[in-house]
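Data block below; observations after.
Atoms within a ligand are numbered from 1 in the order they appear, just like the ligands themselves. Index from 1, following the sequence.
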Amino acid sequence: MNAEERIIELRNELNKHNHNYYVLNAPEISDKEFDMLMKELETLEKDHPELHDPLSPTQRVGSDLTKGFEHIIHERPMLSLSNTYTISEVDEWFDRVKKGLEGQDFEITGEMKYDGTSISLTYENGRLMRAVTRGDGTQGDDVTANVKTIKSIPLVLQPGDWPEKFEIRGEILMPWKVFDELNKEREYNEEPLFANPRNAASGTLKTQDPREVAKRKLDAIFYYLLSDNLPYDTHFANMEAARKWGFKVSGEMKILHSVEEVDAYIDYWDIARKELPVATDGLVFKVNSLRQQLNLGYTAKSPRWAVAFKFNPENACTQLKFVSFETGRMGIVTPVANLEPVLLSGTIVKRASLHNADIMKELDIHEKDWLYVEKGGEIIPKITGVDESRRNPDSKPVEFVSHCPVCGSALVNKEGDAAWICPNKYGCRPQITGRIEHFCARRMMNIDGVGEETAELLYDKGLVKTSADLYGLTKEQLSILDRFGDKSAERILNGVETSKQVPFERVVYALSIPNVGETTAKRVAKSVKSMERMQAMSVEELQSIPDVGPIVAQGIFDYLRDPINVENIKRLSDAGLQMQLSEEKMLSAGTALEGKSIVISGTFANHSREEYKEMIEANGGKNVGSISKKTSFVLAGENMGPSKLEKCQKLGIPIISEDEFLEMLKNAD
Ligand code: IVH
């Protein structure tokens with residue numbers, strides 16, 4: 001078998017396994033076997049650039065940065081559905097259909113209304129050509145590069161009776177599990193949380209970097225097939241066909257024959273939908289026969305042959321026990337409603353954040369009030385209101401505290417900011433232990449064994465007050481602590497030791513500088529290059545770092561001038577922590593390649609392709625896929641593809657070796 005045949009065979013194999021895994025949930029081979037096939041294909045494709053196919057399974061990672069999205073006019077406008085909120089409204093729609101069809105027999109399909117972001121895919125000759133968002137219904141954004149990263153979407157269809165050209169519409173979704181994990185991570189990094197999976201899915205789809213999209217594990221379910229020559233004359237049969245071609249189609253779809261069956265379907269799914277792995281906000285009913293759909297036609301905005309039934313967002317009313325005020329690592333005091341436990345969307349809710357003084361005031365909560373708690377598409381329960389009719393006339397409004405509930409300091413508040421802050425940074429227990437815990441966490445210094453409880457214990461026993469104290473801990477000190485054996489003491493000391501190798505950007509993140517989360521820390525570290533320089537910079541200089549605004553810059557500046565922090569940073573530096581960027585990272589920060597279009601080709605000895613790509617981007621250059629007149633140079637490793645070589649020679653494009661490239665960046669610095 002020659003290379004071309006093997007490449008084709010591998011692509012087919014991998015497409016099949018992707019489908020088994022992501023659509024059918026029934027993998028036939030192990031992850032390892034899958035990875036090996038993928039590796040083989042990658043190697044073969046690298047050796048044979050002339051056989052490149054943008055729809056090869058290797059191309060799902062998406063490597064090109066798409067700046068902005070092109071607007072595409074939909075061939076057929078993407079209409080919305082008319083909504084109903086009660087069973088009787090659905091029954092009325094059923095009657096209107098019956099009347100419109102003048103006594104003909106008809107069937108209805110019932111299916112889930114998925115709560116994601118809608119997408120239209122166009123296939124030609126069994127291959128994905130384009131993915132466009134709904135936009136305003138007439139035109140949407142071309143998000144093909146991002147959609148290609150979604151593993152359950154077939155890039156090339158399974159053999160079948162698909163029309164030569166068709167459009168399929170569906171919903172891009174973020175499964176609950178993925179959503180929960182994403183938000184946990186964002187909470188940890190102090191990034192704003194997504195309110196629900198729908199926002200997370202649409203936000204992700206609009207991300208400019210397909211690699212980021214690939215990481216987010218989106219899914220897609222399809223519900224509408226459009227073409228001039230559909231294979232079957234009912235919606236149900238067409239969707240079943242689409243399932244066979246490789247699409248994920250709603251498994252809950254059912255044919256219904258009477259208004260009673262429609263009502264029973266609603267009753268059933270109103271409860272059962274809570275068990276589904278993805279968010280739904282209702283049901284959709286459609287007339288099954290395409291001919292009858294045509295008969296019924298459209299109003300200006302929506303089809304007469306379909307209707308949506310929206311579920312009520314789940315809510316409950318429960319009594320407030322008390323409002324607690326909790327001080328966090330950054331000193332912010334958050335009011336929390338402690339509730340009589342109540343069951344909501346499958347979980348027992350006992351607490352709900354009231355966020356800040358302004359929100360609390362707006363709700364006008366009184367002691368022992370009965371509160372409405374809602375958990376529609378949102379994971380975090382939300383207090384939406386008060387049942388005033390159940391309020392005891394003598395009960396007083398709950399006031400926001402004026403002093404820190406832990407250390408008693410008078411709270412302060414910045415103009416125009418709703419947050420009240422305990423200013424006692426170095427004397428307030430949760431702030432101190434919170435900073436220690438943050439410093440040791442996995443994404444910061446990764447000191448295994450120091451979580452919330454241990455941080456509190458180390459502080460309470462007088463061993464650790466600031467992060468630098470960790471580096472003076474001894475085995476004897478740790479071993480005499482309750483609950484601490486030799487083993488856990490050793491684990492912590494090992495973690496402390498290895499943390500000295502943690503790169504500078506994570507040290508910056510670990511320090512708990514106000515408003516400096518993971519991404520900002522990376523940006524700042526890359527730009528300032530060393531702690532020494534950062535300490536010498538003015539607010540204006542700090543503000544010139546990309547993404548650093550006046551508030552963040554001032555926060556960094558003040559932090560670095562606080563004598564306690566100055567002392568702590570000095571001790572950390574003396575302990576041997578990385579206080580400057582590694583040489584490698586230094587290479588990747590600057591403007592040396594501004595305005596240059598660079599093609600990467602071949603295999604490399606010093607860094608991975610991905611790392612070179614990052615270096616190019618960090619230095620202001622652009623990594624492009626193919627050689628053209630506009631290419632500035634080709635960064636070439638071993639085994640550069642022969643066709644690329646030829647093209648370079650023809651167009652007179654310089655070829656630069658790995659060493660020359662690294663030298664170039666070093667000198668530019
Ligand atoms: S059919 C012309 N089926 O709901 C009818 N839509 O308000 C085309 N949606 O924009 C839509 N699940 O994003 C249909 N099973 C389903 C659906 C569904 C969710 C969304 C879709 C559409 C909106 C309509």
I'd like to know whether ligand 1 has [X] as a neighbour, heavy-atom separation below 4.0 Å.
X      : result
Met112 : yes
Pro303 : yes
Lys286 : yes

Look at [atom] and say which protein heavy atom is nearest, naming residue and atom and giving the distance to 0.1 Å.
atom                    : result
atom 13 (O) of ligand 1 : Glu171 OE1, 2.8 Å
atom 23 (C) of ligand 1 : Lys113 NZ, 4.0 Å
atom 8 (C) of ligand 1  : Tyr224 CD2, 3.8 Å
atom 5 (C) of ligand 1  : Leu81 CD2, 3.5 Å
atom 12 (N) of ligand 1 : Tyr114 N, 3.0 Å
atom 6 (N) of ligand 1  : Tyr223 CE1, 3.3 Å

May I ask you to check whether Ser80 has an N/O atom sitting below 3.5 Å from an N/O atom of ligand 1? no
Walk me through it: do Trp269 and Phe309 pass the test ring-ring contact (aromatic ring centres under 6.0 Å, His included)? CA-CA 11 Å; Trp269 282 109; Phe309 168 79; over 10 Å; no
Number the atoms of ligand 1 from 1 as they appear, then name those within less than 4.0 Å of a heavy atom of Glu111, with their elements. 3 (N), 15 (N), 16 (C)
Hey, which atoms in ligand 1 end up nearer than 4.0 Å to a heavy atom of Ser118? 10 (O), 13 (O)
Validation row, ring centre Phe106 to ring centre Trp305 under 6.0 Å: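 No - the distance between ring centres of Phe106 and Trp305 does not fall below the 6.0 Å cut-off.
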Looking only at the aromatic ring of each residue, does the gap between the centers of Tyr123 and Phe247 stay below 6.0 angstrom? yes
Option passing side chain to side chain donor-acceptor pair (under 3.5 Å) with Lys310 (candidates Thr86, Thr84, Asp281):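 Answer after filtering Thr86, Thr84, Asp281: Asp281.
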Between Asp161 and Tyr232, does the side chain to side chain donor-acceptor pair (under 3.5 Å) criterion hold? Intermediate values first, please. CA-CA 10 Å; Asp161 48 2; Tyr232 301 95; 2.7 Å; yes
Ile108 and Asn288, any side-chain heavy atoms less than 4.5 Å apart: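 No. Closest side-chain heavy atoms not under 4.5 Å.
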Does this structure show an ion pair linking Lys248 with Glu171, if we count only N-O contacts that are shorter than 4.0 Å? no
Atom CD of Glu374 and atom CD1 of Ile383: how far apart are they, to the nearest 0.5 Å?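 Glu374 CD to Ile383 CD1: 10.5 Å, rounded to 0.5 Å.
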